[in-house]
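Numbers here are sequence positions counted from 1.
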Amino acid sequence: MSWLVPERTALVLGGGGLKGFAHIGVMRALEERGILPVRYAGTSIGALIAAARVAGVSLDEMERRALGCSKRDLFRLNRVGMLIERSRASSLYLEQPLRELINAVTPDVNLRELGNRLLVNTVDLERGTIVVWGLPGLEDVNVRDAVYASCALPGFFPPASVGDRVCVDGGTIDNLPTAIASIGVDAVIAVDVGNTDLGRAQDVRSRGFAAIYMRAASVMMHALQLNPLATWKGPPMLLIRPRVGHRDWFEFTHAEEMVQAGYDGTISALDELVDGPLAKNTIYPRRRIRLSVNKEKCICCGVCTTLAPGIMKLDSHGKAYAAKPEHEWSPADGEFVGHCPTEAITVESLASRRLTTRPAEQATVDR
């Protein structure tokens, strides 16, 4: 990993609720390998953890707090607001518990005082635009206000006033702000914990408003994230996707598992990098895979050829097939595989010989 150590590297931490505790394990693995980012960028819990690290909070302290975090620490129903204001209530939960959590680990200073080391991704709710606090001209706001806004998932927590703007969770538009974080650096490490593997949710309707809302939000964020990664134009990117997709955003009993998943996923990604310089406009790690189609399962819908016309074709009977069976893919490739309505497309990792019909970013990490 000598390619990253002497270079200017940005670490981008995505949103994902409590699955974001995986970021702690990611940073531990990076620091064990001597990788110390010069810039941290984050959305939602990624912004919170990034701000804490820039402020000097140790990884041991972060992990201790993560393991001790309870539902009461974060979620207290806005009972009075919902009773009095009804549909005009600004949120389901109160602002104070989230504020207290943020204030405990972030400094009460302006972003300018952090020396351009922290970028906090939010959305201006009134203007409908991304606002990344910490960029030139957007530095004279309080770190705590910016981080709270980045964590303020619409409907769950009230919006925040940051400077003269009303802001909410940056994941509303961009859950993994890699493009902005890449300005002026030589490499980007991006950690996606929110939308790694949507899979098939079970019994969503019976689990209440929060589960339905978060499932819909995950689908939206996942879709918004696809194009920036598929069309990446920037310095070399290492995309880390820890195995956390099987957990809900707000599960409080699996913090230790999330931290370990972040550590393991990072070590795995680093170990897959080959020696030598890495190319611009390219996402790593790169893996050899083989595509195949089960003709009996294929229903001739053509979805795969629409989503990936350069990869998938239809034969004379309308059945799909891979125009080129073998490819070198990054974790960002192969999204179309998961959209096959009958799971007829199989991705085989040529390194592991393990078969899967899940999206390719998961297929190619199986060992």
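Under the 4.5 Å side-chain heavy-atom criterion for Ile, Leu, Val, Met, Phe, Trp and Tyr, Phe21 and Ile267 are members of distinct hydrophobic clusters. Hydrophobic cluster membership is shared by Val162 and Val109, with clusters built from Ile, Leu, Val, Met, Phe, Trp and Tyr side chains linked at under 4.5 angstrom. In the hydrophobic cluster analysis, where Ile, Leu, Val, Met, Phe, Trp and Tyr join through side-chain heavy atoms closer than 4.5 angstrom, Trp232 is grouped together with Leu176. Following chains of ILVMFWY side-chain contacts shorter than 4.5 Å, one cannot reach Tyr321 starting from Leu291, and the two form parts of different hydrophobic clusters.
In this structure, the separation between SG on Cys298 and CD1 on Ile345 is 8.0 Å, given to the nearest 0.5 Å. Here the straight-line distance linking atom CZ of Phe157 with atom CG of Leu94 works out to 9.0 Å at 0.5 Å rounding. Separation of atoms OG1 (Thr282) and CD (Glu328) is listed at 9.0 Å; rounding is to 0.5 Å. Atom CE of Met27 is separated from atom CG of Leu59 by 5.0 Å, given to the nearest 0.5 angstrom. Here the CG atom belonging to Leu36 is positioned 8.5 Å from the CZ atom belonging to Arg53, to the nearest 0.5 angstrom. Separating the CD atom in Glu113 from the CG atom in Asp140 is a distance of 9.5 Å, to the nearest 0.5 Å.
For Asp60, the side-chain hydrogen bond (donor to acceptor under 3.5 Å, both in side chains) test picks out Arg28, with sequence neighbours left out. Every residue two or more places apart in sequence or in another chain was checked for a side-chain hydrogen bond (donor to acceptor under 3.5 Å, both in side chains) with Asn294, and none qualifies. In this structure Glu61 satisfies the side-chain hydrogen bond (donor to acceptor under 3.5 Å, both in side chains) test together with Arg64, Arg65, sequence neighbours excluded. Not counting sequence neighbours, the partners of Glu326 by the salt bridge (Lys or Arg N to Asp or Glu O under 4.0 Å) test are Arg288, Arg290. For His254, the ring pair (Phe, Tyr, Trp, His ring centres under 6.0 Å) criterion is met by no residue, not counting sequence neighbours. The side-chain contact (heavy atoms from CB on, under 4.5 Å) check on Pro37 picks up Leu11, Tyr40, with sequence neighbours excluded. Residues satisfying the side-chain hydrogen bond (donor to acceptor under 3.5 Å, both in side chains) test with Asn103, not counting sequence neighbours, are none. Remark: Arg39 engages no residue in a salt bridge (Lys or Arg N to Asp or Glu O under 4.0 Å) (not counting sequence neighbours). For Thr253, the side-chain contact (heavy atoms from CB on, under 4.5 Å) test picks out no residue, with sequence neighbours left out. Residues passing the salt bridge (Lys or Arg N to Asp or Glu O under 4.0 Å) test with Asp169: none are found, sequence neighbours excluded.
Taking 4.5 Å as the limit, some side-chain heavy atom of Met237 sits within range of a side-chain heavy atom of Leu229. Glu335 places none of its side-chain heavy atoms less than 4.5 Å from the side chain of Leu307. The shortest side-chain heavy-atom distance between Ser161 and Asp145 does not fall under the 4.5 Å cut-off. A heavy-atom distance below 4.5 Å is not found between the side chains of Ser44 and Leu153. Looking at heavy atoms from C-beta onward, Leu101 lies in side-chain contact with Leu74 at the 4.5 angstrom threshold. Contact of the Pro285 side chain with the Leu238 side chain is registered, since non-hydrogen atoms from C-beta on lie closer than 4.5 Å. Side chains of Asp174 and Ile130 form a contact here, defined as non-hydrogen atoms less than 4.5 Å apart. Counting heavy atoms from C-beta on, the side chains of Leu138 and Leu111 never come closer than 4.5 Å.
Salt bridge status for Asp186 with Lys280: absent, with no side-chain N to carboxylate O gap under 4.0 Å. For the pair Asp192 and Lys19, the salt-bridge criterion is not met [side-chain N within less than 4.0 Å of a carboxylate O].
In terms of heavy-atom proximity, Thr178 sits nearest to Ala190 at CG2-CB, 3.6 Å. Contact between Ala181 and Val12 at its shortest, heavy atoms only, is CB-CG2, 3.5 Å. Across Val147 and Leu48, no two heavy atoms sit closer than the pair CG1-CA, 3.7 Å. The two residues Pro159 and Val168 come nearest to each other via the heavy atoms CB-CG1, 3.8 Å. Looking at every heavy atom in both residues, Val193 comes nearest to Gly20 through CG2-CA, 3.9 Å. Smallest separation of non-hydrogen atoms from Ala344 and Lys297: CB-CB, 3.6 Å.
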For a side chain to side chain contact (heavy atoms under 4.5 Å, CB included) check, start with the C-alpha distance between Val143 and Leu118, then their side-chain angles and the critical distance, and finish with the verdict. CA-CA 9 Å; Val143 171; Leu118 176 66; 4.2 Å; yes
Verify side chain to side chain contact (heavy atoms under 4.5 Å, CB included) between Arg33 and Leu270, making sure each step is shown before the conclusion. CA-CA 9 Å; Arg33 296 292 181 94; Leu270 293 175; 3.7 Å; yes
Full working for side chain to side chain contact (heavy atoms under 4.5 Å, CB included) between Met258 and His23: CA-CA 8 Å; Met258 297 299 98; His23 294 317; over 6 Å; no
Please lay out, stage by stage, how Tyr263 and Glu32 fare under the test side-chain hydrogen bond (donor to acceptor under 3.5 Å, both in side chains). CA-CA 10 Å; Tyr263 181 89; Glu32 284 182 1; 2.6 Å; yes
Decide yes or no on side chain to side chain contact (heavy atoms under 4.5 Å, CB included) for Ile35 and Ile189, but give the supporting numbers first. CA-CA 10 Å; Ile35 301 168; Ile189 301 174; 4.0 Å; yes
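The closest donor-acceptor contact from the side chain of Arg8 to the backbone of Gly184 lies under 3.5 Å. Side-chain atoms of Ser150 do not come within 3.5 Å of backbone N or O of Ala146 as any donor-acceptor pair.
Partner of Asp333 under the side-chain contact (heavy atoms from CB on, under 4.5 Å) criterion, chosen from Arg286, Arg287, His327: Arg286. With Tyr148 as the partner, the side-chain contact (heavy atoms from CB on, under 4.5 Å) test is satisfied by one option alone out of Val120, Ile102, Asn142, Thr106: Ile102.
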Which donor-acceptor pairs under 3.5 Å do the side chains of residues 308-317 make with protein atoms, sequence neighbours left out?
residue: Lys313; atom: NZ; partner: Pro309; partner atom: O; Å: 2.9
residue: Asp315; atom: OD1; partner: His317; partner atom: N; Å: 2.8
residue: Asp315; atom: OD1; partner: Gly318; partner atom: N; Å: 3.1
residue: Asp315; atom: OD1; partner: Lys319; partner atom: N; Å: 2.9
residue: Asp315; atom: OD2; partner: Lys295; partner atom: NZ; Å: 3.3

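A donor and an acceptor atom, one from each side chain of Glu100 and Gln96, are located under 3.5 Å apart.
Residue pairs satisfying the side-chain hydrogen bond (donor to acceptor under 3.5 Å, both in side chains) criterion with at least one member in residues 117-126, sequence neighbours excluded, are listed as follows: Thr43-Asn121, Thr122-Trp133, Asp124-Arg127, Asp124-Arg165.
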